[in-house]
Each structure stands twice: as C-alpha cells, then as structure tokens.
Amino acid sequence: MTTVRTPPDWPATEEQARAVQDELRGRVVLDEPGPPPGAGRVTGVDVAYDDEHDVVAAAAVVLDAASLDVVAEATAVGRISFPYVPGLLAFREIPTVLAALDALPCPPGLVVCDGYGLAHPRRFGLASHLGVLTGLPTIGVAKNPFTFTYDDPGLARGSTAPLLAGTEEVGRALRTRAGVKPVFVSVGHRVDLDNACAHTLALTPEYRLPETTRRADALCRRALREATP
DNA sequence: GCGACAG
DNA sequence: ATCTTGTCGC
C-alpha cells in the first residue's frame, strides 16, 4: 500500500476544476475501437472514503480478461482532495486512483471506472479524465443514470437502450442480468461504445456489476479499514 | 430562484 | 459514498 498527497497544482475551487475539465476535454480520443473483449487484461479501480478522518483509499485490481482471475492488485491511501460535487467526482478520486495504478507490478490494460466517462455535464467524467492523464483505454460503468434519461432496455441480458442527454447519445443502459436494473456504460478514452458494452458484458457473467469493480470495491474498503484507527 | 445530481 | 438488522433464497 502506498500513500499519496494531493498534488500542489490541484484545483481548490469548483470554478478551477471546471476550467481543468474544459481544457483536458480536447485530449480525449474517441476514434479508437479499444482492445478486444476477452483478451489481455482488464483493471478495475474504485475508491472508499472516511470523511470523518478525511481519509480516502483506492484500489486497482488487474484481472485476466478471459478467466477473470485476479492477476495483480494494489492500493493507495491519502487525504480527501476535493468535496463531492456532482460533475466534479474525478477531482475527489483521481490522485489516489493514480497512485494505486502506479503501484501495480504490471500494465493494467483496459481500465474500468466506477462512474461515467463521456456521459457527463461537460462530457468529461472520471473515466475520460483518468484516460487522458494515463493514456490508457478507459470506460465508465455507473450504477445510476445521473442526470440522463433512458427507456428501459429489454429484460434479457445484453439488451441496451440509449442513455440520452436531450437527443445526444452519451452512453448506454445495459442489462447485465435478466430482469435486473441495468448499468450505465459510457466511453472514457480510446474505446468505442460498442466495445465498452461488450467488455461490460464479458465482465458480468454472474452479477450486475463488473467483476473488476466488485473486486476493486472490496479491496478499497478493506484498505480503508486497515488505514483507519 | 429551486431542485436534482456519478461516488 | 456512508449510516445500518434482519431476512429471504440459492
């Protein structure tokens, strides 16, 4: 486990944070298909908080994309670097997530984030931000539709419906388990939407949420427990 | 102006 | 995100 400090140039206000998003947004790559599902490695990242002690813990868990076996994992702990503000989640999570990714003993391959990428008020959510900062292919898989709208997809696993910001498709509601609430998939960096959905399906053989985020969620909670007095 | 709002 | 017991089901 590694410890992190908030970077000295980290935005201190919401206005500064939005300006950073507006500047970095132009560096997102949307015209690559991304790695094929079921091959290579897939990494889940997630974060847990203890606002009481101002502590944040992040985890990165690398899975073999074919077997979904854990290949490597790393954690990082730090101070909370930004309050939770809808639309600015990345500034709360990224420093610690970057530290966890850096601590991995192997390349992460595709990174699956717990939240959104393109589906964001300024089209630059957590997954997009992490992708631009690392250069890695990233996608976002969220549990809630945020401010977006969608029609319920068919009940069968694999059914999808557009996730809409007005008439613009910013992601997809994807049914990963028959009859269970869908997850909300959006593109981060260097992956297209069809492929992002295909990866999400490959990562959900049994549960609604991807194995990557399930593993990372369990690990960051454990890291937080062990780091908190 | 008011409410809603990824995690 | 987090606060939180038991409970129903495989």
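In what follows, chains carry the letters A, B, and so on, assigned in the order in which the sequence lines appear, proteins first and then strands, with residues in each chain numbered from 1.
- A/I80 comes within contact range of no nucleotide atom at all, as no heavy-atom separation falls under 4.0 Å.
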ring-ring contact (aromatic ring centres under 6.0 Å, His included) between A/H120 and A/F146, intermediate numbers included: CA-CA 8 Å; A/H120 177 273; A/F146 200 9; 7.0 Å; no
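- Between the OH atom of A/Y150 and the P atom of B/dA6 there is a distance of 13 Å, given to the nearest Å.
- The distance between the ring centers of A/F91 and A/W10 falls below 6.0 angstrom.
- Within the nucleic acid shown, A/A48 comes within 4.0 Å of sugar-phosphate atoms alone, with no base atom in reach, counting heavy atoms only.
- In this structure, the OH atom of A/Y84 is 13 Å from the C1' atom of C/dT2, given to the nearest Å.
- Looking at heavy-atom distances under 4.0 Å, A/G87 makes contact with a base.
- Proximity of A/K143 to the phosphate of B/dA6: no side-chain N or O atom is located under 4.0 Å from OP1 or OP2.
- Under a cut-off of 6.0 angstrom, the local environment of CZ in A/R122 is crowded, with over 12 non-hydrogen atoms contributed by other residues, nucleotides or ligands.
- As a whole-Å value, the separation of A/Y116 OH from B/dC5 P is 12 Å.
- The separation between A/R225 atom CZ and C/dT2 atom P is 11 Å, rounded to whole Å.
- The separation between A/E206 atom CD and C/dC10 atom C1' is 11 Å, rounded to whole Å.
- Contact annotation: A/N144 does not reach the phosphate of B/dC5 (side-chain N/O to OP1 or OP2, under 4.0 Å).
- Listed candidates were B/dC5, B/dG7, C/dT2. Nearest to the side chain of A/F146 is B/dC5.
- Atom-to-atom, CG of A/L163 to P of B/dC5 comes out at 14 Å; the value is rounded to the nearest Å.
- Nearest to the side-chain atoms of A/R92 among the listed nucleotides B/dA6, C/dT2, B/dG7 stands B/dG7.
- Contacts of A/D50 with the nucleic acid, taken as non-hydrogen atoms under 4.0 Å apart, are absent.
- Comparing B/dC5, B/dG7, C/dT2 against the side chain of A/A142 picks out B/dG7 as the nearest.
- Ring geometry for A/F148 against A/Y116 counts as perpendicular: the plane angle is over 60°, on a 0 to 90° scale with 30° as the lower cut.
- Rounded to an integer number of Å, the gap from A/D114 CG to B/dG7 P is 6 Å.
- Looking at A/T204 and A/R157, their side chains do bring a donor and an acceptor atom within 3.5 Å of each other.
- Between the CD atom of A/Q21 and the C1' atom of B/dA6 there is a distance of 12 Å, given to the nearest Å.
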